[in-house]
Q: 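Before I ask anything, here is the structure I am working with.
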Amino acid sequence: MIKSVIDILDLSTEEIDSLLATAADIMENPGKYAHACDGKILATLFFEPSTRTRLSFESAMYGLGGHVISVPGSSNSSVAKGESVADTAHTVSCYADIIAMRHPQEGAALVLANNASVPVINAGDGGHCHPTQTLADLLTIHREMGRFHDLTVGVCGDLKYGRTVHSLIEALSRYPGVRFVMISPDSLRIPTFVRDALGAKGIPFRETVSLEDAMPELDILYMTRVQRERFRDQELYEQVKDSYILTPEKLQNARAEMRILHPLPRVNEISVAVDQDPRACYFKQMLYGRYMRMALILMLLGHPAPAPSRPLIYDRFVCKKRTCITQTEQELRQAFYQVGDSGIYRCIYCESKAK
Ligand code: CP
């Protein structure tokens, strides 16, 4: 059995603690790890644009002594000829020991993992999740705040399509005393699959459109970009794209110890004047991403245990979401899971609710 990381829930709290410890050790003793992956090959398949995630994965593998092969963009691979994700998995497994993939469709990374014979890391699947960004976020929070518990976390911007937010909320929900303030325009509110998961665990959260109102109570402010590429209607994007612009003036009501995170890239949502603020952590955050990805590659290449799985219900429901991988992948079985004991069933690929 091979362990892959498709969702942050694929990592237990103990595994996250271990990754944090390994990343810290790599930062202090890089030479100790310089040959840890000698002879191993990472394949990076990026079917959507990326700067940080792809380069940090590749830099991570080089830092471990390994090699990298890469497909930058679907136009440069047989995906452009119509090859399925499943066949891509069979193919790349012949050439690499571990795969990191970004794909525009929700669930594509899960399909890849289910058909690969090597570990797969989800480097972002559509508007669904981005677990390794969350690992970078967690290391940043841990180093800056010294804890994950008892934090009020404001997530601001595009909470509907912002996959980094979905994964971060899932990750932080496991720590006691965490509460969330969801700051977004009405049209970009947090999706129901995240809302239901919070409800099932009894995690407190509130929603607001006002960043200014939320600011004084926050320990963490996690800003996000409005994801233009996910909008079908560009006019709607134009209406919301500048909903939140963080400036030094707006930070006057923030706590001195609050920390500002952003997965980047930013467009307009954080003024460059904020970069000088000692509370701004987003450049450190992207550096930490390299060390957490190094730790994750090490774990997955040495990890014999299967991923924890949830009971699946096959072929009872049909997913209709336009951007779900089920819409294009041939002969992919419909599979749903139940959210706790709620009687609500969600697609395992994109988390749409069964109707
Ligand atoms: N945070 C993040 O995913 O950045 P890239 O899109 O540049 O990889």
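Order of appearance sets the numbers: ligands from 1, and atoms from 1 within every ligand.
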Q: Would you call Phe180 and Thr152 a side-chain contact if the rule is heavy atoms closer than 4.5 Å?
A: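 A side-chain contact is absent here, since even the closest heavy-atom pair is not under 4.5 Å.
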Q: Within a distance under 4.0 Å of any heavy atom of Gln133, pick out the atoms of ligand 1 and give their elements.
A: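 Selected atoms, number and element: 1 (N), 2 (C).
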Q: Within 45 degrees of the ring normal and closer than 6.0 Å to the centroid, is that where the cationic atom of Arg102 sits relative to Phe46?
A: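 Verdict for Phe46: no cation-pi partner in Arg102.
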Q: Any donor-acceptor pair under 3.5 Å linking the side chain of Asn29 with the backbone of Lys32?
A: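 No; judged by distance alone, with no hydrogens or angles, the pair does not exist.
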Q: Taking N or O atoms only and a 3.5 Å limit, does Pro263 qualify as a polar contact for ligand 1?
A: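 Among all N and O atoms of Pro263, at least one is under 3.5 Å from an N or O of ligand 1.
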Q: Quick one: look up the protein heavy atom nearest atom 6 (O) of ligand 1 and list residue, atom name and how far away it is.
A: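 Scanning the protein heavy atoms, the shortest distance from atom 6 (O) of ligand 1 goes to Arg102 NH1, 2.9 Å.
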Q: Which of the numbered atoms in ligand 1 are under 4.0 angstrom from any heavy atom belonging to Thr51?
A: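 Taking each heavy atom of Thr51 in turn, ligand 1 has 5 (P), 7 (O), 8 (O) under 4.0 Å.
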Q: Can you say whether the rings of Phe231 and Tyr237 are parallel (under 30°), tilted (30 to 60°) or perpendicular (over 60°)?
A: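 It falls in the perpendicular class, over 60°.
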Q: Using a strict cut-off of 4.0 Å, indicate which atoms of ligand 1 neighbour a heavy atom of Leu264.
A: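 Counting from 1, the qualifying ligand atoms are 1 (N), 2 (C), 4 (O).
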Q: Please classify the His130 to ligand 1 contact at 4.0 Å (heavy-atom distances, strictly less than): side chain, backbone, both or neither.
A: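 Answer for His130: side chain.
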Q: At what distance, to the nearest 0.5 angstrom, does OG1 of Thr224 lie from NZ of Lys160?
A: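 Rounded to the nearest 0.5 Å, the OG1-NZ separation comes to 13.5 Å.
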Q: Quick test: of every protein heavy atom, which one is nearest to atom 4 (O) of ligand 1, and how far off is it to 0.1 Å?
A: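 The answer is Arg52 NE, 3.1 Å.
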Q: Does any part of the side chain of Glu269, heavy atoms only, come nearer than 4.5 Å to the side chain of Arg266, both counted from C-beta?
A: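 Yes - at least one pair of side-chain heavy atoms lies under 4.5 Å apart.
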